[in-house]
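The block underneath contains the structure these notes are about, expressed in structure tokens.
What you are looking at is a predicted structure, and each value in this text was computed from that prediction instead of being measured. Whatever order the structure lists them in is the order used to number ligands and atoms, beginning at 1.
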Amino acid sequence: MSAAAAPQAEPQHDAGSPTSGATGTERARYVYLGPAGTFTEAALRQVPGTEGSQCDPVGSVITALAEVRHGTADFAVVPIENSVEGGVTATLDDIAADDNLQIRREILVPISFVLVGRRQLELNEIQTVSTHTHGWAQVRNWAAAHIPQAEFIPGNSTAGAARGLLDDSTTYDAAVCAPLVAEQTGLPVLASAIEDTAGAVTRFVLVSRPCPVPAPTGSDKTTVVVPLPEDHPGALMDILDQFSTRGINLSRIESRPTGAGLGSYFFSIDFEGHVAEERVKAALAALYRMIPGIRFLGSYPRADKLKYAIPAHTRDAAYRAGQEWVAAIMER
Ligand SMILES: O=C(O)C(=O)C[C@]1(C(=O)O)C=C[C@@H](O)C=C1
């Protein structure tokens with residue numbers, strides 16, 4: 001099926017999809033980085049159709065993606081990018097590892113943190129504080145100013161760190177988490193709105209096994225993974241050229257080590273546009289000719305529904321006009 005002809009596959013309609021792993025009578029199973037109260041759960045709750053579905057917390061991003069790969073879950077919601085701290089490397093690396101996953105939609109969650117304690121404590125009494133490393137990175141200036149004596153203990157998630165305080169055997173004094181977790185647990189809030197950057201946002205993605213690409217909405221994003229070719233001077237410039245020459249705007253590009261050795265990298269790239277657009281097809285085909293190891297991770301609707309401008313000479317109509325002109329020459 002061509003991408004353009006593919007139906008708009010909203011996740012709530014996926015239960016009957018042969019690629020979703022669930023049949024028409026089964027409920028789809030969603031997994032997310034838990035426990036209850038993580039920002040990832042807040043992202044999951046924004047996905048239409050999750051209300052009547054089985055939604056299970058798991059211990060890590062890697063576990064969530066593995067469940068989808070192995071077909072024990074239909075969908076995973078995982079964090080991919082934070083407006084302050086950048087890419088979530090566990091997600092970027094794992095999602096790029098093979099062709100068994102596809103991004104179906106993106107979800108944006110505003111981020112604000114509170115400091116909760118095992119009991120009511122003065123800030124200068126806190127010796128140890130736990131949270132997710134990405135959470136810590138977003139409050140580190142506040143921590144340096146207000147609890148400089150506190151040692152950071154990395155946790156699997158913000159909510160996991162906070163819920164750990166309910167356990168008598170936990171040794172740390174405080175945790176950084178979402179305000180909702182303080183409400184859910186009743187843990188005392190020692191400080192509020194402690195994020196270093198007001199208005200921070202984390203971007204999450206809903207991931208399934210590969211399936212037909214949803215139809216373009218006119219406000220879409222595409223994610224690809226491009227290995228950095230060896231012995232190709234100017235490779236990055238040549239990669240970027242494929243986008244710029246076709247008027248395609250990148251919204252994220254990050255280089256990540258492949259793990260195969262020093263100097264071995266791949267680029268994780270998001271750009272504005274949908275694989276059904278002629279300019280995007282042309283760019284992807286050109287990249288494939290240059291770097292056959294390129295991976296397509298999905299075209300999906302933008303969460304902010306922002307319409308982007310497509311330069312006139314790279315619109316589908318312009319591509320068609322060009323193709324017709326060449327065809328007319330061949331028919332002379
Ligand atoms: O620990 C959580 O609550 C998460 O959902 C993970 C996560 C992340 O990986 O960035 C999500 C949003 C916040 O930026 C901090 C942590």
message = Nearest non-hydrogen contact with atom 16 (C) of ligand 1 belongs to which option: E41, H132, E85?
response =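 Among E41, H132, E85, the closest heavy atom to atom 16 (C) of ligand 1 belongs to H132.
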Under-4.0 Å heavy-atom contact with ligand 1, by part of [X] that carries it:
| X | answer |
| --- | --- |
| T158 | both |
| T40 | both |
| Q138 | side chain |
| L33 | side chain |

Ligand-side contact atoms (ligand 1) for residue partner [X], heavy atom cut-off under 4.0 Å:
| X | answer |
| --- | --- |
| T38 | 2 (C), 3 (O), 5 (O) |
| N82 | 14 (O) |
| S157 | 1 (O) |
| P79 | 8 (C), 9 (O) |

Which residue pairs satisfy the ring pair (Phe, Tyr, Trp, His ring centres under 6.0 Å) criterion with at least one member in residues 164-183, sequence neighbours excluded?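 Every candidate ring pair (Phe, Tyr, Trp, His ring centres under 6.0 Å) pair involving residues 164-183 fails, so no pair, neighbours aside, qualifies.
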> Do side-chain atoms of E324 reach the backbone of A321 as a donor and acceptor pair under 3.5 angstrom?
Replying inline: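 Checked: no pair found.
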Practice problem: Report yes or no: does T40 contribute a side-chain atom to a donor-acceptor pair with the main-chain N or O of V78 at less than 3.5 Å? | Solution: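 No; judged by distance alone, with no hydrogens or angles, the pair does not exist.
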Exercise. For V88 and ligand 1, does the shortest N/O to N/O distance drop below 3.5 Å?
Worked result: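 No - when backbone and side-chain N and O of V88 are compared with those of ligand 1, no distance drops under 3.5 Å.
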### side-chain hydrogen bond (donor to acceptor under 3.5 Å, both in side chains) between T128 and E151, intermediate numbers included
CA-CA 5 Å; T128 43; E151 183 193 346; over 6 Å; no
TODO: List the steps, then state whether ring pair (Phe, Tyr, Trp, His ring centres under 6.0 Å) holds for F39 with Y32.
DONE: CA-CA 10 Å; F39 291 101; Y32 65 96; over 10 Å; no
* For Y30, the option from D56, L206, D74 that meets side chain to side chain contact (heavy atoms under 4.5 Å, CB included) ->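 So the option named by the test is L206.
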What residue and heavy atom of the protein are closest to atom 10 (O) of ligand 1, and at what distance?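 So the nearest neighbour among protein heavy atoms is H134 CB, 3.3 Å.
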>> Return the closest protein heavy atom for atom 15 (C) of ligand 1 as residue, atom name and distance.
In response: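 Answer, as residue, atom name and distance: G135 N, 3.9 Å.
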Would you say CD of E230 has more than 12 non-hydrogen atoms from neighbouring residues, nucleotides or ligands within 6.0 angstrom?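 No, CD of E230 has 12 or fewer neighbouring heavy atoms, counting only those of other groups under 6.0 Å.
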ask   = To the nearest 0.5 Å, what is the distance between CD1 (I269) and OG1 (T223)?
value =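 Those atoms lie 10.0 Å apart.
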